[in-house]
Participant: 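Dumping the structure here so I can ask a few things about it.
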4 protein chains.
Amino acid sequence: MPAKVAINGYGTVGKRLADAVAAQDDMEIVGVTKTRPTFEARTAVARGYPLYTAKAHQAAFREVGIEPEGTLEDLLGEADVVLDGTPKGSGYRPIYDEARVKAVWQGGEKHALTGLSFNANVNYKAALGANRLRVPSCNTTGLIRTLYPLQSRFGVENVNAVMVRRAADPGDTTRGPINAIVPELRVPSHHGPDVRSVLEGLPIQTIALKVPTTMMHVHAVTVDLEGEATTEEVLEVWRGAPRLRFVRGAEGITSTAQIMELARDLQRPRSDLYEIVVWEEGVHVQNHTLYYFQAVHQEADVIPENVDAIRAMLEMESEKDRSIRKTDRALGIPTSD
Amino acid sequence: MPAKVAINGYGTVGKRLADAVAAQDDMEIVGVTKTRPTFEARTAVARGYPLYTAKAHQAAFREVGIEPEGTLEDLLGEADVVLDGTPKGSGYRPIYDEARVKAVWQGGEKHALTGLSFNANVNYKAALGANRLRVPSCNTTGLIRTLYPLQSRFGVENVNAVMVRRAADPGDTTRGPINAIVPELRVPSHHGPDVRSVLEGLPIQTIALKVPTTMMHVHAVTVDLEGEATTEEVLEVWRGAPRLRFVRGAEGITSTAQIMELARDLQRPRSDLYEIVVWEEGVHVQNHTLYYFQAVHQEADVIPENVDAIRAMLEMESEKDRSIRKTDRALGIPTSD
Amino acid sequence: MPAKVAINGYGTVGKRLADAVAAQDDMEIVGVTKTRPTFEARTAVARGYPLYTAKAHQAAFREVGIEPEGTLEDLLGEADVVLDGTPKGSGYRPIYDEARVKAVWQGGEKHALTGLSFNANVNYKAALGANRLRVPSCNTTGLIRTLYPLQSRFGVENVNAVMVRRAADPGDTTRGPINAIVPELRVPSHHGPDVRSVLEGLPIQTIALKVPTTMMHVHAVTVDLEGEATTEEVLEVWRGAPRLRFVRGAEGITSTAQIMELARDLQRPRSDLYEIVVWEEGVHVQNHTLYYFQAVHQEADVIPENVDAIRAMLEMESEKDRSIRKTDRALGIPTSD
Amino acid sequence: MPAKVAINGYGTVGKRLADAVAAQDDMEIVGVTKTRPTFEARTAVARGYPLYTAKAHQAAFREVGIEPEGTLEDLLGEADVVLDGTPKGSGYRPIYDEARVKAVWQGGEKHALTGLSFNANVNYKAALGANRLRVPSCNTTGLIRTLYPLQSRFGVENVNAVMVRRAADPGDTTRGPINAIVPELRVPSHHGPDVRSVLEGLPIQTIALKVPTTMMHVHAVTVDLEGEATTEEVLEVWRGAPRLRFVRGAEGITSTAQIMELARDLQRPRSDLYEIVVWEEGVHVQNHTLYYFQAVHQEADVIPENVDAIRAMLEMESEKDRSIRKTDRALGIPTSD
């Protein structure tokens, strides 16, 4: 019988989680919650996802012809696990606890909320049977994807990552800036410790800035490797790692814009790119120091990690490789070997 | 036997034309041309479209492991019709003539090149058996879609359309402006006469500006109607017309950004929106004068018109309604009734 | 003795008002108010403007070494007139009334607050001795500047103005959109009635959109003239009107960006442009219908109107032409003849 | 007698060089060159700078009522030194050599063209009497300004600088991107070696990206110091160094936008900021490693260096401190002590 999955909060992340779960043959969506009857609520209905909302909001839905199935509490009663896609600090943990449902939070929440931060390739075993975990933010997940294989293969002495962040998601037109660069003045930024919530003890400092673009973060990463390595060896290690993708400036992919164009050409749902993208020509090893650029599709990279988290928590699959491969096939992500 | 279609120029428009043709059960792609082995060339190969290129470019493709099938001339020999997706002024007409292949050009070319400018809903019959025609630009097609039903139903005394244009396509990172509004100082702009290439004699003046955005043009249109009309009657007429879509600010669609987000949610290929989008709350009739805003997805709206053009030119279908319905079903566009 | 002027609110508009008033030989700044000790507060101090703030805020200023002179009430006690540069709806009228000080509001406030909306060229006489008035918004002032001379000389049958607005001021990095066009769905927009608060009875409809730029609004205006006119006659009428400036695409001014570059070259304070800017090549009369583009520096165009308002309210000068010329000379605006 | 200075190329840099030179009491502008009669040519005329242009261009100027004074060769005959503000690779060196005039190039040119790259604070003495030198680019000059004092005082083991660059100047509306981040895939970038053209042997790696903004580059710099240092000691060293300015997020300066707003408030010509700007709260020393953010006004920071270069080359002043102070006073830059 497929795992019964609830999505609390059907917004930028929640709607992607719902579709990714629905695409798995061992999972099903028992319902999603939404507070207002927006066009996204209509999307949920069109997809056939049962829609739940608090009693106070139900009238607003009925006015536009959408009949809610019940409340969040009703929904949790149907579910084995809930994926929390609500804004950070929403504080649903007591409600999930009360309903005795397993729960997955996103990176807006702090590590302390669950005590377990998850990346499928790093600590899948630790999540087997867990009741609560957190998938770190898009940026943190992005760093973990490329750094863990380096750490495993070469050892890492030090990491310096400058993160040039998109300032707003494509569908968010309220936030700026329109014409400015905004440094995060707290240096190092909080992303370093967040990486260490999964990669314990990794010596990493991060620096962040926001820029006026809506699609993809770019990281300029400098890694002091412990062992010897060549540029080609680094690329080879990454080619064996999950959920990475390589692009080339020589083929016309000179910025985040062409990466997103590629994602459109790949016919992915919502033109999403689940993989972390590395520019081949930007990878460069010089005297034990590795330089690279990577791009992170902020709306999408954490989605497959959530799917694997479900499989681990419900002990549907004990081996990380098998879960990753299953998830990736269902989502159209090329498997690494 | 399906119609054999060639695509000359596999870029922003060409790749969409190819996929839309391939989605029709009465057409097939016999090949596409490309001059450089970019990531888009790889997309063509991944889709299984035979790739053709001039002799001078073939070595560059072979170097990256792509074996061209032949030249444009070879491709034209296989085709019943060619869709020209090359940059404006490329001048391929003599080559198509020499190959005795029917040809469809896009809006970058002038009306005089073909003597026939096409919109499926307006002049499908005129295109039956034609050897050459032109589908007008995305902006012109957008105006025709909403104006023709008004003209037919109410009569139109005068149209004033201000077109706020996106400055560059999403995958084009070379063009600006980054922070400016650029008026087209030639007033009225060339779009008015272009509309008249299809809607003969329509009294329309157009004014154009470019702004720093990559997705969708917005038109602010003022129409002096000949007859009486209410806002609701206008909406009703449009609801019966093909390839229009209505959105509502009240459901959170307050800008072009949320329209594109909706297109992503609709799971359209490349997150494209073939329909012209009208904001319901922005439609307003006041003393015979109609005001409305419409948004045009510049990469996509002309695509279904090209498909219908093929059917008319090859006389595969004699009735516009049947062709439009067939095209729209294959592309996932809701039919109007 | 110079007029004693207070500025309540030393922000985007307030700081410009202060400098413009200080530049007049018949006025002086008796003080400005500020609620937080930002870099702009330091600017006020550096300029020598006495700084006032509410008791509750005074400690915060002292902490960074700025000693406030007193409260708003103290300041009003020193002033003949106060220019209100506070956010719209701040509701200071009872306080100004209590202090029996004359007051000028900006366009964020409604006409009803004062019953008198002011433009120096249109209704200077009506403001002689007035206790309260409002200078309409930057957009409204911009339309009045070009429409009033047309109305006076040719008569105006109808105006249709599409206003493509900058979405945020240069120093405001919180507001978006970053990549979208945002129509104002209430059509016609509120700017038409606002123009009529000064130009009574003018038949004008306005339509507004917001775009991702920080500098200047652009208006695409269509005017049905009552009388005969040529393009050259229109230009001639405008050349005799105050606070207009002409630019030419042929000299490289093809967008708002080069206008702002010109303003920098003119060595204006803060690179401001007080004049409404009209593109010469964009002015075009065709059968009684006039088309033109104008650009409005949203931070600056209302500044000289405020200065004239003071002179009228305090009856320092009874003739509009003399006040306008005096203001303009002090601000470096070329006089029209 | 004042030094006679010619400006070849009156564009973004050239017009600023002209005004800065004209502001010195020991220098005068003998003329500027311009190839087309744009609005900037009119600025030159309005400023009273004699305007020169090649014979082939003179007619175009006369047509718009500007009478050129002669050709570049004529101008060089009048000059002691020429500042080259032409596009990179323009190749004027033989012409300057032929005219036996001293010459200063900008950072678009390579070090090898002159063999001497100049920064007033670093190698003023080396430029005494020189015939040719180059002022490095805005980014390179920015790095030198903060790194040289650190190197002198603490010693520097390693520098890692990530440069987030504005993609186009404010007046340039042709270049994009509008919505993308563009990494410079050649890693490390060319800026590191360029810094070493002045600071010989400095161990520095640079990484560059372009983002859709028009004002200011931001550098995220990580410096491994040789000696012990505290955050306060670093700030103190910088406070004693020329042409640096400190800003604080706590005072509302949270991005490049508010820095440029500050520059407007400072009433600088063209709202320019000659100083390199460091955010106080972003300076952070942790175990011998210093992190900081700095912002560079790309149009302006090299201007005072050019003025000092003239004084050194013509041996008008032998001490760097005296030249720097003289230049800075004339330009309104606060002196460091």
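Quick note: numbers below take in every heavy atom, side chains included, and nothing from hydrogens, waters or symmetry partners. Every chain is numbered from 1, with letters handed out A, B, ... down the list of sequences.
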Participant: Using a cut-off of under 4.5 Å for heavy-atom pairs, which of Thr289(B), Ile178(B), Ile207(B) has the most such pairs with chain C?
Facilitator: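 Of the candidates given, the most pairs with chain C belong to Ile207(B).
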
Participant: Please flag which part of Val218(B) lies under 4.5 Å from any non-hydrogen atom of chain C: side chain, backbone, both or neither.
Facilitator: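 For Val218(B), backbone and side chain are both near chain C.
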
Participant: Counting only non-hydrogen atoms closer than 4.5 Å, does Met260(B) touch chain C with its backbone (N, CA, C, O), its side chain (CB onward), both, or neither?
Facilitator: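 Contact with chain C is absent: no heavy atom of Met260(B) under 4.5 Å.
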
Participant: Is it the backbone or the side chain of Pro212(B) that comes under 4.5 Å from a heavy atom of chain C, or both, or neither?
Facilitator: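 Both parts, backbone and side chain.
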
Participant: Given side chains that start at C-beta, do those of Lys210(B) and Ser255(C) come closer than 4.5 Å, heavy atoms only?
Facilitator: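 They are not in contact (no side-chain heavy atoms under 4.5 Å apart), so the answer is no.
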
Participant: Non-hydrogen atoms of chain C under 4.5 Å away: do they reach the side chain of Val164(B), the backbone, both or neither?
Facilitator: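 Interface part for Val164(B): both.
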
Participant: Does Arg248(C), at its CZ atom, have more than 12 non-hydrogen atoms belonging to other residues, nucleotides or ligands within less than 6.0 Å?
Facilitator: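 Yes, because the 6.0 Å sphere around CZ of Arg248(C) holds more than 12 heavy atoms from other groups.
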
Participant: Mind listing the closest non-hydrogen atom pair of Thr256(B) and Ile181(C) along with its distance?
Facilitator: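 So the minimum-distance heavy-atom pair works out to OG1-N, 2.9 Å.
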
Participant: Check each atom of Asn160(B) against the heavy atoms of chain C and say whether the ones under 4.5 Å are side chain, backbone, both or neither.
Facilitator: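 Interface part for Asn160(B): side chain.
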
Participant: With a 4.5 angstrom heavy-atom cut-off, is it the side chain or the backbone of Glu280(B) that approaches chain C, or both, or neither?
Facilitator: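 Neither the backbone nor the side chain of Glu280(B) comes within 4.5 Å of chain C.
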
Participant: I want to check something: taking the side chain as every heavy atom from C-beta on, are Thr222(B) and Val162(C) in contact at a cut-off of under 4.5 Å?
Facilitator: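 A side-chain contact under 4.5 Å is absent here.
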
Participant: Identify the heavy atoms of Pro183(C) and Thr254(B) that sit nearest to each other, and give their distance.
Facilitator: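 Minimum heavy-atom separation between Pro183(C) and Thr254(B): CD-O, 3.5 Å.
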
Participant: Any donor-acceptor pair under 3.5 Å linking the side chain of Asn179(B) with the backbone of Ala257(C)?
Facilitator: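 The answer is no, because no donor-acceptor pair under 3.5 Å joins these two groups.
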
Participant: Take a 6.0 Å sphere around CD of Glu200(C) and say whether it holds more than 12 heavy atoms from other residues, nucleotides or ligands.
Facilitator: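 It does not: Glu200(C) CD has 12 such atoms or fewer within range.
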
Participant: Looking at Glu236(C), I'd like to know if its CD atom is crowded, meaning that more than 12 non-hydrogen atoms belonging to other residues, nucleotides or ligands lie closer than 6.0 Å.
Facilitator: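 Open: at most 12 neighbouring heavy atoms sit under 6.0 Å from CD of Glu236(C).
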
Participant: Less than 4.5 Å apart, side chain to side chain, heavy atoms only: is that true for Tyr292(B) and Val187(C)?
Facilitator: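 Tyr292(B) does not reach Val187(C) side chain to side chain.
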
Participant: Side chain from CB out, backbone as N, CA, C, O: work out which of these in Ala208(C) comes under 4.5 Å of a heavy atom of chain B, or both, or neither.
Facilitator: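 Just the backbone, heavy atoms under 4.5 Å.
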
Participant: So, taking the atom named CG in Leu209(B) and the one named CZ in Phe293(C), what distance separates them when rounded to the nearest 0.5 Å?
Facilitator: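 Leu209(B) atom CG to Phe293(C) atom CZ measures 4.5 Å (nearest 0.5 Å).
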
Participant: Which atoms form the tightest heavy-atom contact between Tyr291(B) and Gln205(C), and what is the distance?
Facilitator: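 Between these two residues, the closest heavy atoms are OH-CG, 2.8 Å.
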
Participant: Considering only heavy atoms, which portion of Ala250(B) lies under 4.5 Å from any heavy atom of chain C: side chain, backbone, both, or neither?
Facilitator: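 For Ala250(B), neither part sits under 4.5 Å from chain C.
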
Participant: If I measure from the heavy atoms of chain B, does Gln286(C) come under 4.5 Å with its side chain, its backbone, both, or neither?
Facilitator: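 When you check distances to chain B, only side chain atoms of Gln286(C) fall under 4.5 Å.
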
Participant: Based on non-hydrogen pairs under 4.5 Å, which of Ile259(B), Thr213(B), Val283(B), Thr214(B) is most in contact with chain C?
Facilitator: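 Of the candidates given, the most pairs with chain C belong to Thr213(B).
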
Participant: Is it the case that more than 12 heavy atoms not belonging to Arg196(B) sit under 6.0 Å from its CZ atom?
Facilitator: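 Check passes, neighbour count above 12.
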
